[in-house]
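Just below is one structure, and these are the notes that go with it.
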Number of protein chains: 2
Amino acid sequence: MTLQPRNGRAPSVKDVAAAAGVSLGTVSNVLNRPAVVSTATRERVERAMADLGFVRNESARQLRAGTSRALAYVMLDGGNPFFHDVAEGIETAAEDADLSLFVCNSSGRSDREAKHIDRLVQQRVQGILITPVDPDASHIVEIGQRGIPFVMVDRLSRDGGHCSVAVDDVLGGRIAVEHLIDRGHRRVAFVGGPLSVGQVRERLQGARAVWAEFGMPAEDLIHLPTEALTVSEGRSAGERLAGLPTRRRPTAAFCANDLLALGLLQHAVTAGLRVPDDLAIVGFDDIDFAAAAAVPLTSVRQPRQELGRTAARLVLDEATNPDHTHEQATFVPALVARASTGTVRR
Amino acid sequence: MTLQPRNGRAPSVKDVAAAAGVSLGTVSNVLNRPAVVSTATRERVERAMADLGFVRNESARQLRAGTSRALAYVMLDGGNPFFHDVAEGIETAAEDADLSLFVCNSSGRSDREAKHIDRLVQQRVQGILITPVDPDASHIVEIGQRGIPFVMVDRLSRDGGHCSVAVDDVLGGRIAVEHLIDRGHRRVAFVGGPLSVGQVRERLQGARAVWAEFGMPAEDLIHLPTEALTVSEGRSAGERLAGLPTRRRPTAAFCANDLLALGLLQHAVTAGLRVPDDLAIVGFDDIDFAAAAAVPLTSVRQPRQELGRTAARLVLDEATNPDHTHEQATFVPALVARASTGTVRR
DNA sequence: CACCAACCTTGAAACATTTCAATCCCGCCG
DNA sequence: CGGCGGGATTGAAATGTTTCAAGGTTGGTG
């Protein structure tokens with residue numbers, strides 16, 4: 001196929017109509033209701049489109065239609081493979097509905113998030129999925145007020161004012177720490193922060209709850225705060241952990257996510273600690289890199305892709321179903337035991 | 001700010017004009033040339049916009065303007081953090097130019113890639129950045145023919161028909177293998193595939209070239225092919241490597257990217273091999289997870305963010321500068337030596 | 001041969017915004 | 001007091017697509 005070199009403007013339906021010797025309406029019919037056009041005409045129009053290199057102008061289509069053919073996902077941290085996997089799940093669902101997916105990354109910055117949302121609203125996307133920096137920020141609340149279909153991902157709605165999809169983070173914290181208690185650990189660190197992040201708060205809450213239920217002294221569950229959920233913060237937590245006096249030093253660490261856990265693992269290995277013998281480690285999310293670590297990481301699995309697919313389903317329901325009611329989809333996290341907590345402590 | 005509940009349609013400039021008691025044109029002026037409007041009127045209009053919760057309809061703006069305010073990047077593998085870092089770099093440049101960035105992921109599938117491109121052309125994005133599955137595919141070539149500003153990322157143009165940005169992969173292969181030779185290795189595996197991927201081909205080519213230059217027998221540089229550049233393929237390559245007869249077994253492996261290297265590392269550790277003593281490993285890309293591996297990975301660094309920033313600069317130049325000439329920006333890769341190749345072999 | 005139905009095609013209106021030439025209004029100068 | 005200049009505002013046109021009622025053509029039937 002040889003395309004005409006563009007003399008200036010991209011060809012429009014009007015140009016195609018002229019080239020094929022039919023009216024605008026017919027060209028549009030070929031595009032949108034091919035069955036209604038006679039074969040001969042259709043072929044003539046199609047050839048004209050091919051010759052001219054015609055491409056639908058989506059803005060004009062959208063302007064007329066009043067709505068775009070796109071969903072958007074604003075993720076919290078593009079550097080964390082967890083969110084990529086969620087996005088994958090959303091994308092499969094979007095593909096099935098023949099919608100595009102715009103993926104944005106707030107990098108944990110509220111201002112960037114607001115800017116992205118602004119643009120998305122201007123684009124009139126059909127719905128917005130978001131893992132927010134702060135679910136109560138005004139730019140988040142306004143999405144709902146605007147009547148734009150909207151689902152919160154990896155975070156539950158407090159007031160049911162919108163759909164949300166997440167795993168039970170409290171439960172996740174419970175099973176992680178229960179697993180460590182099972183393995184014989186009696187002094188455990190919780191590595192994670194800042195506590196302004198809801199997920200961190202709830203995972204810690206679950207950890208503390210189960211710790212208390214087993215009758216362990218609260219001071220033996222040590223919180224090592226971090227400033228972010230990153231590998232390098234994990235490493236630095238490792239340093240602080242190594243600096244603790246031996247009597248207080250935990251034999252195991254539960255990290256608020258896998259990136260922290262990987263950082264901690266790296267520090268431990270560098271410092272000559274054996275994992276899991278000297279230090280057992282549990283992560284959260286079960287990203288692929290967790291299983292791929294040199295000492296494969298025990299982690300609390302979230303159904304990442306399914307989280308995404310479900311979120312997309314909900315937002316599409318809100319967009320198309322007049323009887324839509326908001327739904328909080330909660331998934332149950334599962335512990336995936338691997339070598340990093342391998343042995344039972346005597 | 002209390003938004004009016006949406007009775008149906010989103011408010012348009014017309015509604016704002018009515019509410020503020022001015023004409024359409026004035027509202028538009030407030031939006032686009034605030035200086036030209038008197039303060040009193042401007043404030044009246046701005047209040048009306050706030051009261052109504054008016055948001056510009058980007059489709060209409062774009063239709064009139066003839067062009068969108070967006071760039072797009074179609075990446076090859078969203079699961080590989082390397083591409084995320086490149087996207088970060090592009091995004092910073094896009095932000096500076098006050099453009100949105102659409103990030104798409106072809107997941108290595110040509111059909112998906114074609115579909116994404118199709119949508120992007122329909123959206124009339126200002127430019128397309130792409131790390132293609134196959135640079136010669138027809139849907140890639142057509143982008144240029146259409147006159148859409150277009151830059152190839154992480155892959156050089158053969159014929160100079162468009163801009164491109166990449167590191168010198170042949171050189172990358174050379175320095176990786178030279179490093180291993182330096183460290184005393186005399187039997188080395190190249191892990192990577194498929195060879196249809198240009199990056200793999202060129203890294204292997206560089207490896208072979210330097211191997212020959214050092215006068216090493218060709219059969220001592222063993223190619224272990226993989227079906228993809230993933231962690232699990234790296235693991236499986238590790239199995240095949242372990243299965244080689246001792247006399248032929250390499251003492252070091254150069255992997256076509258870090259994901260393979262991480263997989264190989266994991267297998268090695270599981271199999272009880274010491275890294276680097278029993279097996280030294282070099283990766284490629286220097287993603288953050290390479291440094292974060294339990295045995296930090298020696299890797300060939302690409303300036304990931306800068307690759308992205310440069311690509312964005314080039315595409316913007318093509319979009320705005322009438323005297324634009326295509327440019328092949330080549331960066332020099334650098335070896336980052338870490339523990340995975342730590343010791344000199346006796 | 002006339003008429004009808006079925007099937008195709010047409011043309012105009014509508015979508016929300018931007019642009020720009022034209023108009024309006026005001027105060028100031030002669 | 002008339003005219004002028006200049007800043008502020010207006011209104012109409014234009015962007016490309018879709019929709020839909022209305023019109024046109026064809027072939028077949030009575």
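A, B, ... follow the sequence lines: proteins, then strands. Residue 1 opens every chain. Given the structure is predicted, the values throughout are model-derived calculations rather than measurements.
- Summary of helix geometry: the two end axes of the helix from C:dC1-D:dG30 to C:dG30-D:dC1, each defined by five base pairs via their C1' atoms, are inclined to each other by 70° (rounded to 10°).
- You can see that DNA chain C meets the heavy atoms of chain B within a 4.0 Å-exclusive cut from C:dA16 to C:dT19, reading 5' to 3'.
- Electrostatic pairing of B:Glu95 and A:Arg112 counts as a salt bridge here, judged by a charged N lying under 4.0 Å from a carboxylate O.
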Generate the contact string for nucleotides 13-19 of chain D. Rules: B means base contact, S means sugar-phosphate contact only, - means no protein heavy atom under 4.0 Å. BBBBBBB
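- Using a 4.0 Å cut-off, some side-chain N or O of B:Thr26 falls inside it from OP1 or OP2 of D:dT10.
- Under the rule for a ring-ring contact (aromatic ring centres under 6.0 Å, His included), A:His139 has no partner lying at least two apart in sequence or in another chain.
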Show the atom names and distances, to 0.1 Å, of all donor-acceptor pairs under 3.5 Å that link a side chain in residues 307-315 of chain B to residues at least two apart or in another chain.
| from | atom 1 | to | atom 2 | distance (Å) |
| --- | --- | --- | --- | --- |
| B:Thr310 | OG1 | B:Glu306 | O | 2.7 |

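- B:Asp15 pairs by the salt bridge (Lys or Arg N to Asp or Glu O under 4.0 Å) definition with B:Arg9, not counting sequence neighbours.
- For B:His116, there are no ring-ring contact (aromatic ring centres under 6.0 Å, His included) partners two or more places apart in sequence or in a different chain.
- For B:Asp85, the salt bridge (Lys or Arg N to Asp or Glu O under 4.0 Å) partners two or more places apart in sequence, or in a different chain, are B:Arg304.
- For residues 314-326 of chain A, there are no salt bridge (charged side-chain N to carboxylate O under 4.0 Å, His left out) pairs, not counting sequence neighbours.
- Annotation: salt bridge (Lys or Arg N to Asp or Glu O under 4.0 Å) contacts of B:Arg47 (sequence neighbours excluded): none.
- Annotation: ring-ring contact (aromatic ring centres under 6.0 Å, His included) contacts involving residues 61-93 of chain A, sequence neighbours excluded, are absent.
- Residues meeting the side-chain hydrogen bond (donor to acceptor under 3.5 Å, both in side chains) test with B:Thr92, sequence neighbours left out: none.
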